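Quick caveat: nothing in here was measured; it's all calculated off a predicted structure. Counting starts at 1 for both ligands and their atoms, in listed order.
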Amino acid sequence: MTQAAPTTLADLRSEIDRIDAAMHGLLMERSQIIETLIAIKKTQVSGSAFRPGREADMMKRLALRHQGLLPLDTVESIWRIIIATFTFVQANYSVHADISGGDAAMRDSARFHFGFTVPFVTHEDARAVIAAVADSAGDLGIFRMDLGASAGVWWRDLIGPAQPKIIARLPFIERPDHPAGTPVYCIAKPLTDAAVREIVLYAARVERWSEQLRHGLAQHLAEVSASAADGSHLALLVAASGETPVDAIRSALEPAGLKELTEIGSHAARFAFKSVR
Ligand SMILES: C=C(O[C@@H]1C=C(C(=O)O)C=C[C@H]1O)C(=O)O
């Protein structure tokens, strides 16, 4: 009986070299698709190549099929960089961040989700981020979701058909020990045909807070994501299931003295990942 030769370090390293060359080859092959894809997506016309629904779906499938020694954090960050950079080569963009709640967490989030090739531009408040995105062809903006009432009605400038809209909530894969886990909203100029509408966001203005309001919204799969004083009124950022008709949201807010209700974006449903190990 012939025995297999013992595996040497040199053998294992040549296996690794073979795999690395294959992975690099596949990445270069992936990039060849982009030229045709630009023509099909008409990216130059729409300004932005970002397709958040497709990305959320890809990240979810990645997490579901992942197994073995390699941490999910690593795989997720590698794919985020691949996807964000491939989007960048279709149409260059920058990521503008509101760092009023601290630079480190926003920088970690931007680098994790968009890599280092995509420029990271800091701003001292949300208004400046929204203005920068509005002035650009296809840039993105990010804000912490937990800015708190002192940040004011930061979502106000998203109101209006031509104004930037919320297009994603990051991270796509949620878990308690996420290495860049600060929950952020991501904005872009309106994506028209490309928006994913599993969760729809509304800017609302009511006369006063009422507990009934929270209960009414919950009955229609909706919740208050942020709130802040707006003169003598109260401004709310409401997140609702895309299945909930706008009239149901309107009725839930009516008892609080609803003054205004406007859609300001939408994003993919949250995907919470539980490790099986
Ligand atoms: C390639 C596309 O464009 C972007 C880049 C993606 C990728 O590299 O996989 C995925 C979605 C888009 O944000 C696409 O629309 O499929």
Report, in ascending order of atom number, the atoms of ligand 1 lying under 4.0 Å from any heavy atom of [X].
{"X": "E55", "answer": "11 (C), 12 (C), 13 (O)"}
{"X": "A49", "answer": "3 (O), 4 (C), 12 (C), 13 (O)"}
{"X": "F50", "answer": "13 (O)"}
{"X": "Q90", "answer": "1 (C), 2 (C), 3 (O), 4 (C), 5 (C)"}
{"X": "F86", "answer": "8 (O)"}

At what distance is the nearest protein heavy atom to [atom], and which residue and atom is it?
{"atom": "atom 9 (O) of ligand 1", "answer": "R30 NH2, 2.8 Å"}
{"atom": "atom 6 (C) of ligand 1", "answer": "I83 CG2, 3.7 Å"}
{"atom": "atom 15 (O) of ligand 1", "answer": "K41 NZ, 2.7 Å"}
{"atom": "atom 5 (C) of ligand 1", "answer": "T87 OG1, 3.2 Å"}
{"atom": "atom 16 (O) of ligand 1", "answer": "R54 NE, 3.9 Å"}

Using a strict cut-off of less than 4.0 Å between a Lys/Arg side-chain nitrogen and an Asp/Glu carboxylate oxygen, indicate whether [X] and [Y] qualify as a salt bridge.
{"X": "E174", "Y": "R169", "result": "yes"}
{"X": "D57", "Y": "K60", "result": "no"}
{"X": "R80", "Y": "E55", "result": "yes"}

Worksheet item: So if you build clusters from Ile, Leu, Val, Met, Phe, Trp, Tyr with side-chain heavy-atom gaps below 4.5 Å, do I99 and L170 land together?
Response: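 Same cluster: I99 reaches L170 through Ile, Leu, Val, Met, Phe, Trp or Tyr contacts under 4.5 Å.
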Worksheet item: Do you see a donor-acceptor pair shorter than 3.5 Å between the side chains of E76 and H178?
Response: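 Yes, side-chain donor-acceptor contact under 3.5 Å.
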Practice prompt. Decide side-chain hydrogen bond (donor to acceptor under 3.5 Å, both in side chains) for T8 and D11; before the verdict, give the C-alpha distance in whole Å, the side-chain angles of both, and the deciding distance to 0.1 Å.
Written response: CA-CA 5 Å; T8 64; D11 288 342; 3.2 Å; yes
Worksheet item: Between the main-chain N or O of G160 and the side-chain N or O of K165, is there a donor-acceptor pair closer than 3.5 Å?
Response: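 Side chain of K165 to backbone of G160: a pair is present.
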